Amino acid sequence: MSAPSAKLPPAAPLLAWYDRHRRVLPFRSQGGPGGGHPNPYQVWLSEVMLQQTTVAAVGPRFDRFLARFPTVEALAAAPEGDVMEEWAGLGYYARARNLHACARLVAGQGGFPRDAAGLRELPGIGAYTAAAVAAIAFGQPVVPVDGNVERVVARLAAEEAPLPGARPRLAALAGGFMEDPAARARPGDFAQALFDLGATICTPRAPACALCPWRGDCAAQQRGLQEELPRKAPKRARPLRHGVHFLLTDSVGQVLLRRRPPRGLLGGMLEVPGTPWRDERWGEAEAQDFAPLPGLSWRRVPGLARHGFTHFELEMVLLAAEIPALLPPDGMEARPLAEAESALPTVMRRLLHLPR
DNA sequence: AAAACGGGGCC
DNA sequence: GGCCCAGTTTT
């Protein structure tokens with residue numbers, strides 16, 4: 001373990017700025033000098049929700065989740081299907097499965113591990129979340145490195161190597177802040193101060209350098225590189241895939257749904273039954289082989305439903321049919337349309353929103 | 001090291 | 001339409 005070579009600015013100006021300008025957020029407790037540590041369950045829950053998810057999206061969902069599962073014991077005791085349903089629409093559903101598994105481990109152990117290394121062992125907790133919970137909930141002297149912190153540190157140090165290759169170096173650099181006694185005295189506030197700086201001042205585009213507590217200490221700003229950093233490696237193109245889905249309803253407004261396999265894409269979520277998603281379009285006849293019931297006369301719903309995933313774009317055709325009474329085949333279930341809407345992931349909601 | 005894994009908001 | 005977001009897991 002060697003000291004980082006680049007010089008970091010002092011922590012004190014950032015903490016002073018944070019004490020005046022910190023954001024008030026639903027999932028954030030009072031903090032500040034002398035403030036106690038927040039509830040570890042709530043910190044952990046918010047950090048998992050915030051993985052690749054914006055603060056604005058998490059706010060209301062955090063409150064709703066907490067109302068339904070107020071403690072880690074309550075979450076551990078809940079059926080996994082209830083947790084998946086509560087998570088519907090938030091994306092990255094592996095988070096919800098790991099959250100539930102983690103809750104069961106933590107409840108069984110009588111509480112969360114109090115340091116980053118112990119937290120890191122739990123499902124769904126990687127380097128970032130382990131450090132965030134350790135710093136914010138337990139006051140451990142570590143620096144969680146998220147996209148905000150990478151950006152801030154890349155600019156402070158004028159790091160020109162592109163992400164994700166530069167990640168280890170930026171993380172080591174960020175860790176150097178804990179050698180400053182001012183940061184070490186308030187690790188949770190320091191972490192959140194970096195988040196707030198990245199979210200409100202040191203933004204991805206058009207950073208407000210004139211308002212930055214570190215404006216005199218930033219190598220990127222001194223060189224006019226603040227808009228260019230951090231650099232990013234080029235991304236792969238997203239292919240277009242195709243599917244055909246079958247909306248089977250009954251005379252009392254129920255719809256037939258299927259539970260997806262527990263792992264992989266949309267793992268454990270409900271879906272409108274359909275064909276696999278593949279590169280080529282489906283012909284009418286071959287798609288019929290995947291209908292949930294044979295021998296029905298399906299009508300084509302006009303239009304196409306589109307949805308973008310991280311790594312591919314999906315174009316879906318919807319076929320509809322109605323029968324008097326649904327008797328769900330093995331692995332499927334019938335749900336009232338309104339209830340199905342809230343339990344389904346967004347890609348499936350798009351099908352229900354096609355004009356019918 | 002690279003790919004898989006959602007969804008929404010902003011320009 | 002591309003970029004970004006309080007990343008983690010699997011291959």
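Keep in mind the model is a prediction, meaning the values are calculated, not measured. Each chain gets a letter, A, B and so on, in the order its sequence line appears, and its residues count up from 1.
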Which ring pair (Phe, Tyr, Trp, His ring centres under 6.0 Å) pairs, counting each pair once, include a residue from [range], with sequence neighbours left out?
{"range": "residues 300-321 of chain A", "result": "A:W277-A:F309, A:H307-A:F309, A:F309-A:F312"}
{"range": "residues 94-128 of chain A", "result": "A:W44-A:F112"}
{"range": "residues 199-231 of chain A", "result": "A:F177-A:W214"}

Nearest listed nucleotide, side chain of A:P204, among C:dC5, C:dT10, C:dC3: C:dC5
Whole-Å P distance, C:dA6 and B:dC11: 15 Å
[X] [atom1] to [N] [atom2], straight-line distance once rounded to whole Å:
{"X": "A:R167", "N": "C:dG7", "atom1": "CZ", "atom2": "P", "result": "9 Å"}
{"X": "A:L99", "N": "C:dT8", "atom1": "CG", "atom2": "C1'", "result": "13 Å"}
{"X": "A:K232", "N": "C:dG2", "atom1": "NZ", "atom2": "P", "result": "16 Å"}
{"X": "A:E150", "N": "C:dG7", "atom1": "CD", "atom2": "C1'", "result": "10 Å"}
{"X": "A:R22", "N": "C:dA6", "atom1": "CZ", "atom2": "P", "result": "17 Å"}
{"X": "A:K235", "N": "C:dG2", "atom1": "NZ", "atom2": "P", "result": "11 Å"}
{"X": "A:R231", "N": "C:dC4", "atom1": "CZ", "atom2": "P", "result": "13 Å"}
{"X": "A:F195", "N": "C:dC4", "atom1": "CZ", "atom2": "P", "result": "19 Å"}

Sub-4.0 Å heavy-atom contacts from residues 123-131 of chain A onto DNA chain C, ordered by number: A:P123, A:G124, A:I125, A:G126, A:A127, A:Y128, A:T129
Within residues 143-152 of chain A or reaching into it, pairs that qualify as salt bridge (charged side-chain N to carboxylate O under 4.0 Å, His left out) - sequence neighbours excluded: A:E150-A:R167
Backbone N/O of A:A340 and side chain of A:R335: donor-acceptor pair under 3.5 Å: no
Side-chain touch A:L45/A:L99, heavy atoms, less than 4.5 angstrom: yes
Sugar-phosphate only, base, or nothing, as touched by A:L25 at under 4.0 Å among non-hydrogen atoms: base
Fellow cluster residues of A:V244, listed by chain then number, with links counted only when side-chain atoms sit under 4.5 Å apart: A:F246, A:L248, A:L256, A:W282, A:F290, A:L293, A:L296, A:W298, A:L304, A:V317, A:L319, A:I323, A:L326, A:M332
A:D196: salt bridge (charged side-chain N to carboxylate O under 4.0 Å, His left out) partners, not counting sequence neighbours: A:R23, A:R28
Residue met sooner reading DNA chain C from 5', once A:L122 and A:F27 are mapped to nucleotides: A:F27
Residue mapping more 5' on DNA chain C - nearest nucleotide basis, A:Q192 or A:R120: A:Q192
Letter per nucleotide, 5' to 3', of nucleotides 3-11 of chain B [B base touched, S only sugar-phosphate touched, - untouched; heavy atoms, 4.0 Å]: SSBBBS---
Taking only distance into account, with no hydrogens and no angle test, what donor-acceptor pairs under 3.5 Å do side-chain atoms of residues 132-140 of chain A form with protein atoms, sequence neighbours excluded?
none

